[in-house]
Structure formats: structure tokens, C-alpha cells
Participant: 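Below is a structure I'd like to ask you about.
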There are 2 protein chains.
Amino acid sequence: MPKLGMEPIRKAALVKATIVEIGRSGSLDVTVSQIAKRAGMSSALAHHYYGSKEAIFLAAMRHVLSLYGAEVRGALAVVQGPEARLRAILCASFSPANFRREVVGAWLNFYVLAQTVPEARRLLSVYQRRLRSNLLVCLRPLAGARAEAVAEGLGALIDGVYLRQALREGAPDGAAAMQTVLAQLDAQLQGKS
Amino acid sequence: MPKLGMEPIRKAALVKATIVEIGRSGSLDVTVSQIAKRAGMSSALAHHYYGSKEAIFLAAMRHVLSLYGAEVRGALAVVQGPEARLRAILCASFSPANFRREVVGAWLNFYVLAQTVPEARRLLSVYQRRLRSNLLVCLRPLAGARAEAVAEGLGALIDGVYLRQALREGAPDGAAAMQTVLAQLDAQLQGKS
DNA sequence: AAGTTTATTGACTCGTCAATCAACAAAAAA
DNA sequence: TTTTTTGTTGATTGACGAGTCAATAAACTT
């Protein structure tokens, strides 16, 4: 009983299922059938809407990235002052929505995907540049000439905390993760202003 | 013309080839045939010596990990004092041997492997605990009660720098990487002793 | 010399999976 | 009502790849 206007619904379901499956299995070795099954349709339909497995992966990646971007924008919209904005960015990075187990697992595998698929690499570069730029705006008034170096370090630290989270057994703890990052940030800012 | 005593030679060649292939392709989707070919033998021989692809991967992982461990031990042997030892650990982490493109690429994929293969996860946990322990010994006299938190942050930062290196286009720059980490370390130590 | 162990490979099996296709169903347009 | 567009799937194709096996050969043992 085909209803019309299914395309966006199906596509969204596939993207969601892809993230879950990659997160669950912890690798990109996920079959289109698995994804389609979790999304409640046949694998043929997945191909019908996306054309290829790679396209599905890229759509999932864009989704995670745009979710993250939206979260950051939202957090930045309600605060002002460099320090508060800095905290808002970090807060968004470790918010429950982004720091869910499956999402973190997906992130790790998107890094792997970026090694092979140019478009995935591009997407990840965009994310990194935007993060860097956001940090820099806040850091320049706070850290002056050292801003670039601090931003570089903070970015790497965030990625590293994600990486370690992917390996952790228990439930994710965004609060603890943010504490780690905040401690480093405070130390950097105290040294010199 | 079979010569005897080939086993260790073949195994070593396979391990080396595995790291190169994973690093080159940037993923674990490497066939046993590819690895065997690069190591100069048939895929059947690779199976003969290791029994399975997974066993080859694990052997490669152990090799990278033990190389890293040896480098750290070597660096620690020739210096004393907490600060110098700390620097020695970081120096080893970004030494040319460990920070080669292929090796960094392999690291990233070993993290992925650890999501699926329990033994891989165990190996990675051992590495993380040892690093943490090494850092802690040096940090306790320098950072007191904050040592734990600083060690956690430093560990994550190192992993993060590796992760970003894996995505970088150009040649690896261990010196710059170490500079990033050292800056964070100095800031942490300056704050409070 | 006969037998055993080690080294080595080409050919084969067997399963898996991305992608395609033919076919069917329902809504919309003509 | 016919036709076209949209949604949907089971079955199939074609490729690829891990792991096995039989066969060959050189080296050691007795």
C-alpha cells in the first residue's frame, strides 16, 4: 500500500539506521541489508533511494555533522562573551545527543571512511575548519598570540576524548569528558592572557 | 628451493606488509592476498603461518605496540627527573619511527579493530594503561593531586594528535605535533605545582 | 635409501554482498 | 479509463575473498 511522499521519510530512516548499525558493530563492515532491515525496508529500496552504499554513508555523515553544527550554533546563540562562548562550544561537543555511544562509534568510523573516500575527507575537513574558526574567535581575546596553538590543542583534545570514549566499555559520560577538556582550557588561559 | 627456518622471516615480513597495506589503504579492508603479495609470498603461505587474517592483524598490532613500548623504555632509560622523563615519553610518541604515515594510519584502524575483536581491545587497553601509568609516575611530583586529571588529558591529547595526523594530507611533522602537546603540558604544570 | 618434517603454491570451495532487474501495486495525471 | 509516476520487493547476477587441499620439492633424520 504505497503512500506518496515516502522519499524523505525513507531516506531519514536509512540515515538513522546507518548510524545505529555502524555504532553497534563498531565498523564500516555493515551490509546494506542490515541497514535496510533496521530501517524497515528491503535492501533494494535502499539502493533505489541512494544509489550506492557509499552515498548512504555520506548522507549519514552529513547528518551527524549537521546535528553537531546545529547544536553548536544553538548553544552559541544564547550566550555572549568569549569565555562563555568557549564553554558553550565544548558543552555542545559533549552534549548527550552527540556523545551517545552509537554516534561516537560512527564518528570514529567516519574518520576511517575519510581515508578512502574524498568526499568524506572533505566533510571532515569542513567540520575541523569550522571548529577551529569558532574556537579562534573566542580565544583571540583570551589568549592573544597563543590563540592558534591553543585552538589546535583543544581541537585535538576533543577528538582524542571522543576516540577514547569509543573504546570505553561502560556508558558514556559527557560530563566527565567535558571536565577533562575544561581543565586543559583553564590551564591554558591562566598561563598568559 | 625451500630453505629451513623461514617461519620467523615470513612472519616478520607479513607483519611489516600488513602495517604498510593498512596504512596505504587507510582501512582494514585489505585482502590477505594483498598483504602476502607485498610480503613476497602466496596467500596460502600467509594462512599456513598465521591461520587467519585476524591473527595477522593482531600480530601486526602487537608489533606496533611493542615498537612503541621499546621506544618509550629506551627514551626513559637515559634521563632522570620527572620533567625530563615526561618529555622523553612524549618525544618517543612522536618519534619518526612511530609517527610515520603508515604507522599512524595503522593505529587508527587498530582502534576500529578493537571495537570488534576482544583481543585487539585488550592490547589497546594495555597500551593505554601503561601510558597512563608512565605519565602518572612523572606527574605526581609535578602536579600533585591533579596528576590523574592531567594524565587523562595528556593521553587523550596524544591520541587526538594522532587522529588528526591520520587525516592530514602532507608529510607527518612529529616536531610540530610534539610542540602542541608540550604547550598543553607546560600550561598544566604552570598553573599549580 | 627410505621416511619425515618444513616450505611453498595453484586451484578450488563456499559464502557473502553490492548492485540490478522484472514485476507488482497504488496514487496521480491525462 | 488509460497512462504515467512513485513505491516496493524477491530473485538474480557477478565479483570478490577467506580459508582449504592436494601436490611438489628441498632439506633433515635414521
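Just so it is clear, the structure is predicted and the values come from calculations on it, not from any experiment. So that the names make sense, note that chain A is the first sequence line, chain B the second, and so on, each numbered from 1.
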Participant: Lys53(A) side chain: which of dA19(C), dG19(D), dA7(C) is closest?
Facilitator: dA19(C)
Participant: Does anything in residues 107-116 of chain B pair up under salt bridge (charged side-chain N to carboxylate O under 4.0 Å, His left out), and if so which pairs, sequence neighbours excluded?
Facilitator: none
Participant: With sequence neighbours excluded, tell me which residues meet ring-ring contact (aromatic ring centres under 6.0 Å, His included) with Phe99(B).
Facilitator: Phe94(B), Tyr162(B)
Participant: Looking at DNA chain C, which of residues 24-34 of chain A put a heavy atom within less than 4.0 Å of it?
Facilitator: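 Of all residues in residues 24-34 of chain A, the ones placing a heavy atom under 4.0 Å from DNA chain C are Val30(A), Thr31(A), Val32(A).
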Participant: Can you name the ring-ring contact (aromatic ring centres under 6.0 Å, His included) partners of Tyr49(B), sequence neighbours left out?
Facilitator: none
Participant: Establish whether Leu113(A) and Leu67(A) are linked, either directly or via other cluster members, by ILVMFWY side-chain heavy-atom contacts under 4.5 Å.
Facilitator: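 No; Leu67(A) is not reachable from Leu113(A) via cluster members.
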Participant: Check which hydrophobic residues are tied to Leu136(A) through side-chain heavy-atom contacts below 4.5 Å, counting indirect links as well, and list them.
Facilitator: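 Taking Ile, Leu, Val, Met, Phe, Trp and Tyr as members, Leu136(A) stands alone, with no cluster partners.
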Participant: Which atom pairs, one a donor and one an acceptor, fall under 3.5 Å between side chains of residues 168-175 of chain B and the rest of the protein, sequence neighbours left out?
Facilitator:
from, atom 1, to, atom 2, distance (Å)
Asp173(B), OD1, Ala175(B), N, 3.2
Asp173(B), OD1, Ala176(B), N, 3.2

Participant: Using side chain to side chain contact (heavy atoms under 4.5 Å, CB included) as the criterion, list what pairs up with Ala55(B), not counting sequence neighbours.
Facilitator: Tyr50(B), Ser52(B)
Participant: List, by chain and then residue number, the residues other than Val79(B) in its hydrophobic cluster (Ile/Leu/Val/Met/Phe/Trp/Tyr, side-chain heavy atoms under 4.5 Å); write none if there are no others.
Facilitator: Val78(B)
Participant: When you compare the protein's N or O atoms with those of nucleotides 9-12 of chain C, which come within less than 3.5 Å of each other, and at what distance?
Facilitator:
from, atom 1, to, atom 2, distance (Å)
dT9(C), OP2, Ser42(B), N, 3.2
dT9(C), OP2, Ser42(B), OG, 3.3

Participant: Residues two or more places apart in sequence or in another chain: which of them pass side chain to side chain contact (heavy atoms under 4.5 Å, CB included) with Val20(B)?
Facilitator: Arg24(B), Arg38(B), Glu102(B)
Participant: Output the residues of residues 11-18 of chain A in contact with DNA chain D, where contact means a heavy atom of the residue under 4.0 Å from an atom of the strand; sort by number or write none.
Facilitator: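 Here the set is empty: none.
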Participant: dA18(D) C1' sits how many Å from Ile35(B) CD1, rounded?
Facilitator: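 Spelled out: CD1 on Ile35(B) to C1' on dA18(D) is 12 Å.
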Participant: Ignoring the backbone of His47(B), work out which of dT20(C), dA18(D), dT8(C) is nearest its side chain.
Facilitator: dA18(D)
Participant: Among all residues two or more places apart in sequence or in another chain, which pass the side-chain hydrogen bond (donor to acceptor under 3.5 Å, both in side chains) test with Arg101(A)?
Facilitator: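 None.
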